[in-house]
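Notes to accompany the following structure.
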Amino acid sequence: MAKVRTFCRICEAHCGLVVDVEDEKVRKVAPDRDHPVSQGYVCVKGLALDALHEDPDRLNYPMKRVGDRFERITWAQALREIGTKVKALRAAHGDRSIAHYAGNPTYFSFQNVLFSAAFLEALGSPNHFASHSIDANPKFDVSTQIYGLSIVQPVPDLDHTELFVCLGSNPVVSQMSIVQLPNSLARLRAIEARGGRVVIVDPRRTETAAKVGEHLAIVPGTDVYLLLAMLHVIAHEEDRIDRARLRSVARGVDAFCEAALPWTPERAAAITGIDAATIRELSLAFVNAKGACLYMSTGVNMGPFGSLAYWLLQGLHLVAGQLDRRGGLLVPEGAFDAFRLAKVLGLGAADPHRTLVSDWHRVAGAFPTAALAEEIETDHPERIRALFVSCGNPVHSAPGRDLERALGRLELVVSIDLYRNETAKYADYLLPATDMLERSDFPVSWTMLQIDPHAQYTPAVVSPKFERREEWRIFSDLAVACGARALGPSLCQIVPRVNALLRPLGREMTPDHLLALLLRWGGQTTLKTLRKIPEGVALRPNQPGSFLGKRVFTRDRRVHLDAPRLLADLPRLETYARSVVERDDRLFLIGRRQRKSHNSWMHNLPRIRPEPAPHALLHPDDAAAREVEDGTLIIVEGPEGSVSLPARITSDVARGVIAIPHGWGHAGAGLSFASTLGGGNINKVIPGGEMEISGQAIMLAHRVRVRADESGTLPAEG
């Protein structure tokens with residue numbers, strides 16, 4: 001029996017794994033105790049990859065819709081028929097009639113992230129949509145505006161920080177978003193062990209807050225006012241800003257500080273629920289620390305002010321001297337210079353493409369998912385008529401019901417996935433992709449987000465089962481079938497042409513060849529070295545003083561704190577503040593991560609069944625006011641509809657708040673186990689099409705009505 005070292009690609013942590021393989025069968029998945037970063041840590045989801053690999057509900061063959069059912073076809077037939085349809089649509093309606101949606105797992109596959117984007121580029125369409133506009137768009141958009149590239153995402157220097165403030169994140173359950181860090185709890189506890197301080201800001205006393213640090217309960221959607229008040233204290237009450245020093249590395253310092261002038265701690269306290277004295281104390285602790293970090297994640301990103309909050313968070317580090325400083329935020333270098341590569345290739349910078357209907361811009365190369373429905377339904381002659389969905393379930397994960405209606409108008413839907421999910425209800429073709437044990441990989445998307453810089457390559461642990469195919473092959477073949485021009489800069493134009501010459505010689509160009517070139521160019525390691533050291537190698541540590549004035553990618557190499565779109569959004573703060581303090585009988589809706597769950601695509605594995613089943617968290621006072629008892633069914637009503645699910649009464653959630661996990665309600669999908677778990681899809685309760693300035697769908701802090709469900713039944717959604 002062979003033991004193959006690999007790494008998990010479910011979330012950013014990328015924990016090391018050892019897989020026992022015998023006769024091309026996966027026998028066991030275990031943590032890699034020799035991994036240079038995770039050191040034997042892995043969550044229950046990573047240990048279930050063998051179950052995912054063997055799941056009987058997996059897509060194993062190309063399928064075509066025939067009436068109300070799917071029939072197995074050959075790859076040759078699927079490619080031929082899809083290609084014929086796309087050629088006809090492009091000839092009749094132009095290149096823009098074709099679109100692609102990249103789901104969350106796309107960005108955990110080196111092959112997919114490169115070749116799915118290259119496929120659309122080869123067809124000449126800008127209509128790329130992505131899941132990051134559902135949970136992380138503000139971070140990428142703000143970084144584009146102030147740093148010049150979306151992939152510039154400074155990470156906390158946790159091993160040296162004196163103060164770590166965590167807003168809207170639950171690292172114990174979900175690790176950390178847009179940061180690569182396994183076993184985050186151990187790292188946060190280490191801060192306290194050496195005399196530092198951890199503060200968790202969240203409307204719920206999360207699993208993280210229960211295990212480490214102090215907890216500050218905040219009104220959902222109001223983190224931006226806390227950050228404004230902190231800036232007010234630092235810039236105006238204490239005047240702790242060295243403006244002369246800052247002007248050498250930043251533009252718009254005065255405009256940035258001026259934004260906080262109206263937002264005193266007293267005013268912020270009335271909005272956030274955090275008292276003014278606590279805000280002042282936290283502000284001074286942040287500016288006085290020899291190293292301090294503010295970190296925000298989906299609980300802020302997905303709210304009404306994700307962009308302004310991230311702008312303030314980055315700017316606070318800069319003006320307080322905590323950016324590019326030991327113990328503050330540092331900017332990794334990675335295994336190769338991804339910043340320079342992105343700049344050369346035109347990736348991650350502001351681009352000219354806009355949606356047809358509402359003039360939305362692309363962020364990190366993708367339009368907002370919440371704009372997809374109107375781009376399909378518009379009467380414009382170039383409207384979207386065909387959609388390719390890669391590793392995604394936008395029908396289930398996007399807010400509202402607009403997309404369900406819109407997909408019915410498309411002339412072609414192709415789903416490339418592991419499962420037949422809710423989106424596949426609208427698909428004409430289902431194409432089976434490989435799982436992470438069946439393909440080689442390198443964490444290209446995350447090399448610039450590592451707190452502990454390292455490099456690890458994994459070969460395919462086993463060969464693809466049945467007729468599953470690697471995504472790079474699928475998209476390369478689709479590009480040829482759909483009539484992409486033979487010559488062009490896209491990988492889906494170059495690679496098929498090169499392989500047409502190489503295959504008669506028994507050779508082939510693969511993504512691994514591209515990876516080898518990138519690593520050799522980077523100069524820190526090589527693919528040959530990584531093959532010899534499968535657990536991975538450590539790279540140069542993140543260095544303070546390596547970013548400001550050196551690797552900022554704006555035209556003048558300075559941080560642009562006066563980004564016009566951000567400044568123009570400031571007046572919205574006044575209107576929202578008034579609405580927050582005017583309470584009624586509705587509750588603020590927030591999301592909640594579960595240890596044994598991940599989005600909607602890992603719900604079909606009995607081994608990691610969530611306990612308890614999906615339910616809503618209510619404060620005892622809110623439950624009593626609605627005559628709701630623990631375990632009884634409640635109806636949650638929003639602008640788009642309602643869901644019914646069990647209530648769990650707990651003082652861990654703040655008064656006036658209801659917390660519900662997302663991604664549930666699988667009745668009707670091709671997921672035999674997940675469909676038995678119950679729960680409703682809370683995304684169908686919140687309004688669709690509502691976005692903040694980055695194009696981020698507003699998924700949290702909506703107000704909903706809650707009442708007891710007297711029917712005694714539990715519909716998936718209503």
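Model, not experiment: these values are computed from the prediction. Note that these values count all heavy atoms, side chains included, but never hydrogens, waters or copies made by symmetry.
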Please evaluate residues Asp50 and Arg27 with respect to the criterion salt bridge (charged side-chain N to carboxylate O under 4.0 Å, His left out), reporting the C-alpha separation (whole Å), side-chain torsions for both, the decisive distance (0.1 Å), and the verdict. CA-CA 7 Å; Asp50 55 336; Arg27 299 300 186 187; over 6 Å; no
Arg58 vs Glu438, salt bridge (charged side-chain N to carboxylate O under 4.0 Å, His left out): CA-CA, chis, key distance, verdict: CA-CA 14 Å; Arg58 284 281 301 274; Glu438 298 172 310; 3.7 Å; yes
Evaluation steps, salt bridge (charged side-chain N to carboxylate O under 4.0 Å, His left out), between Asp428 and Lys85: CA-CA 11 Å; Asp428 300 290; Lys85 184 64 176 179; over 6 Å; no
Steps toward ring-ring contact (aromatic ring centres under 6.0 Å, His included) verdict (Tyr107, Trp446): CA-CA 9 Å; Tyr107 297 94; Trp446 312 101; 7.8 Å; no
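Between the side chain of Ser133 and the main chain of Thr369, a donor-acceptor pair closer than 3.5 Å is present. Remark: side-chain polar atoms of Arg607 are paired, donor with acceptor, to backbone N or O of Leu47 under 3.5 angstrom. In this structure a side-chain-to-backbone donor-acceptor pair under 3.5 Å is missing from Glu422 to Asn393. Listed for the Thr6 side chain is no donor-acceptor partner under 3.5 Å among the backbone atoms of Leu17. A distance-only check finds no donor-acceptor pair linking the side chain of Thr206 to the backbone of Asn170 [under 3.5 Å]. With Thr106 contributing its side chain and Ser390 its backbone, the two residues share a donor-acceptor pair below 3.5 Å. Listed for the Asp23 side chain is no donor-acceptor partner under 3.5 Å among the backbone atoms of Lys25. Listed for the Gln524 side chain is a donor-acceptor partner under 3.5 Å among the backbone atoms of Gly334. Between the side chain of Asp57 and the backbone N or O of Ser672 there is at least one donor-acceptor pair closer than 3.5 Å. A donor-acceptor pair is defined here as one N or O able to donate and one able to accept, closer than 3.5 Å; no such pair exists between the side chain of Ser174 and the backbone of Arg593.
Here His100 and Phe475 bring their ring centres to under 6.0 angstrom of each other.
For the pair Glu470 and Arg439, the salt-bridge criterion is not met [side-chain N within less than 4.0 Å of a carboxylate O]. Using a 4.0 Å cut-off between charged nitrogen and carboxylate oxygen, Asp435 and Lys465 do not count as a salt-bridge pair. The residues Arg69 and Glu71 are annotated as salt-bridged, a charged nitrogen and a carboxylate oxygen being separated by less than 4.0 angstrom.
Using a 4.5 Å heavy-atom cutoff, the side chains of Phe673 and His666 are not in contact. At a threshold of 4.5 Å between non-hydrogen side-chain atoms, the residues Glu12 and Ile178 count as touching. Side-chain atoms of Trp472 and Leu114, non-hydrogen and from C-beta on, never get closer than 4.5 Å to each other. A heavy-atom distance below 4.5 Å is not found between the side chains of Ile474 and Phe115. Between Leu181 and Gln175 there is no side-chain heavy-atom pair separated by less than 4.5 Å. Two residues are said to be in side-chain contact when any heavy atoms from C-beta on lie closer than 4.5 Å; His598 and Asn104 meet this criterion. Residues Arg9 and Ser109 form no side-chain contact, since every pair of their non-hydrogen atoms from C-beta on lies 4.5 Å or further apart. Proximity of Asp441 to Phe7: side-chain heavy atoms (C-beta onward) are separated by under 4.5 Å at one or more points.
When each of Leu501, Leu502, Val495 is paired with Val498, the side-chain contact (heavy atoms from CB on, under 4.5 Å) condition holds for Leu502 and for no other.
In this structure, Asn542 CG and Ile451 CD1 are separated by 8.5 Å, a value rounded to the nearest 0.5 Å. Note that the OH atom of Tyr61 and the CZ atom of Arg72 stand 4.5 Å from one another [nearest 0.5 Å]. For the atom pair Ser675 OG and Asn604 CG, the distance stands at 7.5 Å (nearest 0.5 Å). A distance of 9.0 Å separates CD of Glu471 from CG of Asp417, quoted to the nearest 0.5 Å.
Shown here are the salt bridge (charged side-chain N to carboxylate O under 4.0 Å, His left out) partners of Asp55, two or more places apart in sequence or in another chain: there are none.
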